[in-house]
Number of protein chains: 2
Amino acid sequence: MNTIHNAGKKAIGSRLRLLTAKVTENAAEIYKLYKIDFSPKWFPVFFVLSEEGKKTITQLANEIQHSQPSVTKIVKELATAGLVKLNLETTDKRKNMVSLTKKGEKTAVLLEDQYQDVEIAIENMIEASTHNIWEAIKEWEFLLEQKSLLDRVKELKKIRESKNVQIVPYEAKYKTVFRTLNEEWITSYFEMEEADHKALKNPKEYILDPGGKIFVALYKDEPLGVCALLKIDHSVYDFELAKMAVSPKAQGKNIGYLLGKAIVEAAKNEGASKLYLESNTILKPAIHLYQKLGFKKIIGLPTPYKRCNIQMELEIES
Amino acid sequence: MNTIHNAGKKAIGSRLRLLTAKVTENAAEIYKLYKIDFSPKWFPVFFVLSEEGKKTITQLANEIQHSQPSVTKIVKELATAGLVKLNLETTDKRKNMVSLTKKGEKTAVLLEDQYQDVEIAIENMIEASTHNIWEAIKEWEFLLEQKSLLDRVKELKKIRESKNVQIVPYEAKYKTVFRTLNEEWITSYFEMEEADHKALKNPKEYILDPGGKIFVALYKDEPLGVCALLKIDHSVYDFELAKMAVSPKAQGKNIGYLLGKAIVEAAKNEGASKLYLESNTILKPAIHLYQKLGFKKIIGLPTPYKRCNIQMELEIES
DNA sequence: CTAAAGTATATAACTAGTTATGTAAATATA
DNA sequence: TATATTTACATAACTAGTTATATACTTTAG
């Protein structure tokens with residue numbers, strides 16, 4: 001019978017929906033009990049108007065956190081029931097100012113007894129429970145305001161998937177992957193340049209032998225990301241981060257960050273105090289990643305790459 | 001901005017609705033994040049099927065506490081998406097047996113990571129709060145199962161309204177009320193009889209002077225209910241409860257019960273050990289009230305009233 | 001064995017919300 | 001001051017559920 005009750009907390013959405021439905025259903029009955037011709041869905045709009053006098057449609061929508069069309073509909077129904085009057089004089093003719101009618105105000109008074117009884121009934125239920133649902137709802141509203149459930153799940157996804165990512169040093173068998181992953185992104189945004197061809201065709205000769213490193217990211221044992229640390233001949237920088245490439249199908253798995261971390265660590269082990277890189281501002285996720293790794297923008301160094309329009313450096317703490 | 005947040009606990013329905021909407025909205029985004037073509041509303045049905053194999057439409061509806069047409073729709077969508085197969089052979093041709101397809105089972109496996117991340121995200125939120133919403137929801141489900149919110153409110157309404165009801169002894173100024181309230185209900189179900197006319201026209205002579213009592217129920221100072229204690233000449237009974245009448249507009253305010261209690265109390269003060277009454281079984285609320293007061297059905301005493309088809313007595317504890 | 005009652009499901013119509021869109025009025029900008 | 005942009009709202013179309021109802025099949029009772 002109760003498989004769904006064993007579905008665990010991931011089913012909290014379904015559980016909330018069912019509870020909400022039950023409470024709303026009861027609310028409708030309660031209005032009937034008090035012989036007041038009133039629909040539960042009118043409550044938020046009606047309550048705000050009775051507390052605060054007149055309001056425009058949009059103000060009401062913001063206050064009760066419904067969509068504007070929803071409020072438009074509710075106000076229409078309330079007007080038909082004779083509880084509110086609308087189109088009150090405003091200087092701004094777009095606005096539809098709404099307030100309670102005499103009948104509306106009378107209804108508000110009639111509702112007071114009911115409100116009181118319902119309030120007490122709910123308080124009694126809360127008192128009868130060990131976990132306070134009212135406070136819990138308020139806390140969740142706050143927590144979701146701070147960070148959505150989506151963002152929370154995103155973070156956990158990243159952490160979990162990082163565990164499936166292994167950063168390993170370059171081996172000859174990764175030569176093709178190193179070239180194709182880089183070619184993929186370069187050709188989709190720019191054109192391959194002479195320097196690219198050289199380095200990608202002969203990584204050993206152009207990167208490793210001069211004292212550089214290459215790392216490969218394995219996701220569930222499949223090579224889906226690469227990045228190089230180049231030994232460069234420069235007055236300020238000894239090393240450059242370059243040839244970072246992550247397969248589109250592995251996006252969002254934190255692979256770029258893990259590769260970057262590995263490169264920085266390698267540079268540190270080589271005794272570097274600064275790390276240099278070149279990129280292009282249209283590659284927004286990449287720039288964001290570099291910033292996350294601690295790189296800061298610098299200006300005006302010569303570069304062999306046409307596509308480079310931004311240069312960054314990272315001060316390595318030793 | 002937040003009038004509605006000051007509306008108090010009576011707005012718990014609205015708050016729950018908003019929270020549910022927010023969570024569901026996030027759920028849809030989360031499925032996208034995991035690149036699984038899946039709608040949140042499919043979850044309960046899909047989950048049950050993946051846990052329990054094959055089920056009929058109705059079995060699914062019961063398990064997930066949706067209506068049967070809702071499940072029919074969801075199953076159709078799942079079938080279109082290729083995740084379930086239906087109309088599996090059963091001996092009973094009315095039944096539509098549903099189970100996951102191979103693709104469905106693969107999807108179930110794919111969903112496992114997501115489920116795990118969501119589960120942890122929610123657990124983290126619960127841990128970050130002082131009031132456990134998950135346990136609170138379960139408690140409310142249980143409490144509402146025990147007694148609906150409607151019933152809880154009903155009880156409180158009765159208690160509150162009892163406080164507005166005052167039971168006072170008969171005075172000459174209540175003569176008209178005593179007659180009209182009784183005439184009202186008698187004529188709407190039966191016909192006035194000779195004994196009625198006498199007692200209602202001359203309550204002093206026919207009821208009070210022989211040693212009886214009349215009580216009047218005032219609701220907010222308005223006389224809306226009456227009841228008489230008749231002194232009778234009988235081998236077993238000395239007193240009879242009679243001429244109980246409550247205005248229809250005062251129904252549900254516990255007035256009948258309060259009048260009855262007052263009459264029983266008066267009989268007790270007069271030293272009565274038993275109290276008698278006559279009624280008719282078509283007056284269901286009245287019979288129910290008498291039972292609530294402790295009266296039990298007895299048989300076969302003579303009566304001057306045609307409309308009497310049931311007789312009851314109450315043993316008064318001294 | 002047949003008629004009546006009950007069950008399982010599909011379908012239609014409704015409900016309480018949503019997003020998308022068009023229009024008129026107001027405000028900002030060149 | 002004319003034009004572009006923004007705002008307020010109504011309306012239409014959609015969504016995820018509901019209740020009501022029709023129909024085919026099964027079970028029960030006579």
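Below, read A as the first sequence line, B as the second, and so on, with proteins coming before strands; counting in each chain starts at 1.
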_Measuring centre to centre across the rings, with the benzene-like ring taken for any Trp, is Tyr31(B) within less than 6.0 Å of Phe43(B)?_
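No.
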Hits for salt bridge (Lys or Arg N to Asp or Glu O under 4.0 Å) against Glu123(B), two or more places apart or cross-chain, chain-then-number order -> Lys9(A)
Hits for salt bridge (Lys or Arg N to Asp or Glu O under 4.0 Å) against Glu77(B), two or more places apart or cross-chain, chain-then-number order -> Lys41(B)
Any sub-3.5 Å donor-acceptor pair from [X]'s side-chain atoms to [Y]'s backbone N or O?
X         : Y         : value
Thr101(B) : Gly104(B) : yes
Asn26(A)  : Ser148(B) : no
Lys103(B) : Ala81(B)  : yes

field: Residue closer to the 5' end of DNA chain C, Asp92(A) versus Asp92(B) (nearest nucleotide)
entry: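 Of the two residues, Asp92(B) wins.
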Nt span of DNA chain C in reach of chain B heavy atoms at under 4.0 Å, 5' end first, is dG6(C) to dG17(C)
Using a heavy-atom cut-off of under 4.0 Å over every strand shown, decide if [X] touches base, sugar-phosphate, or nothing.
X        : answer
Ser67(B) : base
Thr56(B) : sugar-phosphate
Thr91(A) : sugar-phosphate

Length of the CG-P vector between Leu86(A) and dA8(D), whole Å: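 The answer, rounded to whole Å, is 17 Å.
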Q) Atom NZ of Lys95(A) and atom C1' of dT6(D): how far apart are they, to the nearest Å? A)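 Rounded to the whole Å, the gap is 13 Å.
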Residues in residues 16-23 of chain A with a heavy atom under 4.0 Å of DNA chain D, by number, are Arg17(A)
Check your understanding: Is there a donor-acceptor contact under 3.5 Å linking the side chains of Thr130(A) and Glu139(B)?
Key ->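 The criterion, which ignores hydrogens and geometry beyond distance, is satisfied for Glu139(B) and Thr130(A).
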* Starting from the 5' end of DNA chain D, give me the residue, Met97(A) or His66(B), whose nearest nucleotide shows up first. =>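 Looking at the nearest nucleotide for each, Met97(A) comes out on the 5' side.
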- Would the number of heavy atoms belonging to other residues, nucleotides or ligands and lying under 6.0 Å from CG of Asp37(B) be above 12?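 Check fails, neighbour count at 12 or below.
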_Derivation and outcome, side chain to side chain donor-acceptor pair (under 3.5 Å), residues Glu184(A) and Ser188(A)_ = CA-CA 6 Å; Glu184(A) 232 172 83; Ser188(A) 72; over 6 Å; no
Name each donor-acceptor pair under 3.5 Å that joins a side chain in residues 15-23 of chain A to protein atoms two or more places apart or in another chain, with its distance.
residue, atom, partner, partner atom, Å
Arg15(A), NE, Glu141(B), OE1, 3.4
Arg15(A), NE, Glu141(B), OE2, 2.8
Arg15(A), NH2, Glu141(B), OE1, 2.9
Arg17(A), NH2, His66(B), NE2, 2.4
Thr20(A), OG1, Leu16(A), O, 2.7
Thr20(A), OG1, Thr20(B), OG1, 3.0

Check ion pair Lys138(A)-Glu135(A) (N to O, under 4.0 angstrom)
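Salt bridge flag = yes for Glu135(A) with Lys138(A).
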ask   = Listed in order of residue number, which residues of residues 68-85 of chain B have a non-hydrogen atom at under 4.0 Å from DNA chain C?
value =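 Close to the strand are Gln68(B), Pro69(B), Thr72(B), Lys73(B), Lys76(B).
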